[in-house]
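What follows is a short report on a single structure.
Chain letters run A, B, ... following the sequence lines, proteins first and then strands; every chain starts at 1.
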Amino acid sequence: MELNNIVPLPASFFARPTLEVARDLLGRWLVHEHPSGVCLVGRIVETEAYRQDDPACHGWRLVNPSTGKVLPEGRAYDLFAAPGTAYVYLNYGMYWLLNVVTEPEGVGGAVLIRAVEPIAGLHFIQARRPSARKPYELTGGPGRLTMAFGIDGSYHRRPLTGPPLYFAAGNPVSEAEVATSPRIGLSRGTDRHWRFFVRGNPYVSPAPRQR
DNA sequence: ACGAGGATGCTCT
DNA sequence: GAGCATCCTCGTG
């Protein structure tokens with residue numbers, strides 16, 4: 001894959017309302033120039049939005065509802081970092097989940113990258129997902145995606161606006177192809193339909209039964 | 001096809 | 001100690 005003409009999406013792309021960014025990331029490319037020298041590219045087909053006014057967001061507790069002041073404490077404070085910053089955390093003790101911080105610095109928000117469709121580096125991806133038998137088992141699901149792309153906690157708080165890990169323009173998705181649903185795996189904020197995905201795409205993770 | 005249950009560690013109460 | 005923005009394996013139908 002020739003990377004000379006791939007231009008990273010700038011921080012201004014992410015300094016917008018979180019729902020807008022989550023929707024706009026569909027069809028864009030996630031690019032990882034892996035330390036091994038392999039270049040991995042995936043077309044984003046599923047995202048979720050998390051906002052500071054949202055009980056499912058890690059940063060929710062940090063905001064004083066009456067004053068609007070933000071407590072600069074704990075992991076979740078990193079959701080208030082500069083737009084385009086990585087927010088990577090370990091969930092269920094085993095899986096790294098990749099988010100990109102949104103909104104202007106000081107406002108909490110992030111988009112969770114939930115699924116991509118492989119475009120380059122398929123051999124590498126398959127080697128990291130030996131049990132995959134269906135497309136979505138390769139790179140569909142936020143934990144599977146980071147395993148397949150070799151993304152871990154070492155990327156936390158690093159800028160996603162240039163190598164080695166960044167987004168590229170790709171081909172935006174038309175409105176007709178976009179579907180929404182409640183977010184997956186939550187016990188709070190389930191009334192908000194802030195999951196965005198490409199309708200019918202085989203790499204979209206199947207929604208599990210409700211908890 | 002579907003559901004139950006286990007793995008495993010960090011954050012917050 | 002509880003709760004997790006998950007995934008995998010192994011039952012049963």
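- Judged by distance alone, with hydrogens and angles left aside, the side-chain atoms of Asn99(A) form a donor-acceptor pair with the main-chain N or O of Tyr87(A) at under 3.5 Å.
- Listed nucleotides dT11(B), dA5(C), dC8(C) differ in distance to Tyr87(A); the shortest reach to its side chain belongs to dA5(C).
- Between Arg129(A) and Arg188(A), the residue whose closest nucleotide on DNA chain C is further toward the 5' end is Arg188(A).
- Panel note: side chain Glu46(A), backbone Gly140(A); no donor-acceptor pair is recorded below 3.5 Å.
- In this structure, the nucleotide among dG9(B), dC4(C), dC7(C) sitting nearest to the side chain of Leu90(A) is dG9(B).
- Thr18(A) contributes no side-chain N or O that, together with a main-chain N or O of Gly109(A), makes up a donor-acceptor pair within less than 3.5 Å.
- One can place NE2 of His156(A) at 14 Å from P of dC10(B), the figure rounded to the nearest angstrom.
- The nearest whole Å value for the distance from the CZ atom in Arg75(A) to the P atom in dG9(B) is 16 Å.
- The side chain of Arg133(A) approaches dT9(C) more closely than any other nucleotide in the set dT9(C), dA5(C), dT11(B).
- Distances shorter than 4.0 Å separate none of the side-chain N or O atoms of Arg195(A) from OP1 or OP2 on dA5(C).
- In this structure, Asp152(A) places its CG atom 14 Å from P of dC10(B), rounding to the nearest Å.
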| remark: Its dot-bracket string being built from Watson-Crick and G-U pairs below 3.5 Å, with | for another strand and [ ] for crossing, DNA chain B has the pattern |||||||.||||.
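- Arg61(A) places its CZ atom 10 Å from the P atom of dA5(C), with the value rounded to the nearest Å.
- Met94(A) places its CE atom 10 Å from the P atom of dC7(C), with the value rounded to the nearest Å.
- The CG-C1' distance, from Leu98(A) to dT6(C), rounds to 15 Å in whole Å.
- Using a 5.5 Å limit on the distance between ring centres and a 30° limit on the angle between planes, the aromatic ring of Tyr50(A) counts as stacked on the six-membered base ring of dA5(C).
- Note that Arg144(A) lies outside the cation-pi zone of Tyr203(A), set by a 6.0 Å cut-off to the ring centre and a 45° limit from the axis.
- Of the side-chain N and O atoms in Arg144(A), one or more sit less than 4.0 angstrom from OP1 or OP2 of dC8(C).
- For Arg129(A) (side chain) and Glu137(A) (main-chain N/O), a donor-acceptor pair under 3.5 Å exists by modelled atom type.
- Relative to the side chain of Leu97(A), the nucleotides dC10(B), dA5(C), dA7(B) differ in distance, and dA5(C) lies closest.
- What separates OH of Tyr92(A) from C1' of dG6(B) is a distance of 13 Å, to the nearest Å.
- In the set dT8(B), dC7(C), dC12(B), dC7(C) carries the atom at the smallest distance from any side-chain atom of Tyr95(A).
- Atoms OH (Tyr77(A)) and C1' (dC12(B)) sit 19 Å apart, rounded to a whole Å.
- One finds a side-chain N or O of His58(A) lying less than 4.0 angstrom from the OP1 or OP2 phosphate oxygen of dA5(C).
- The separation of dG3(B) from dA5(C), taken at their P atoms, amounts to 22 Å, rounded to a whole angstrom.
- Criterion: ILVMFWY side-chain heavy atoms under 4.5 Å apart, direct or through other members. Under it, Tyr155(A) and Val38(A) are part of a common hydrophobic cluster.
- A sub-4.0 Å separation between OP1 or OP2 of dG3(C) and a side-chain N or O of Ser187(A) is absent.
- Looking at Thr102(A), its side chain does come within 3.5 Å of a backbone N or O of Ala110(A) through a donor-acceptor pair.
- The backbone N or O of Arg195(A) sits nowhere less than 3.5 Å from a side-chain atom of Ser181(A) that would complete a donor-acceptor pair.
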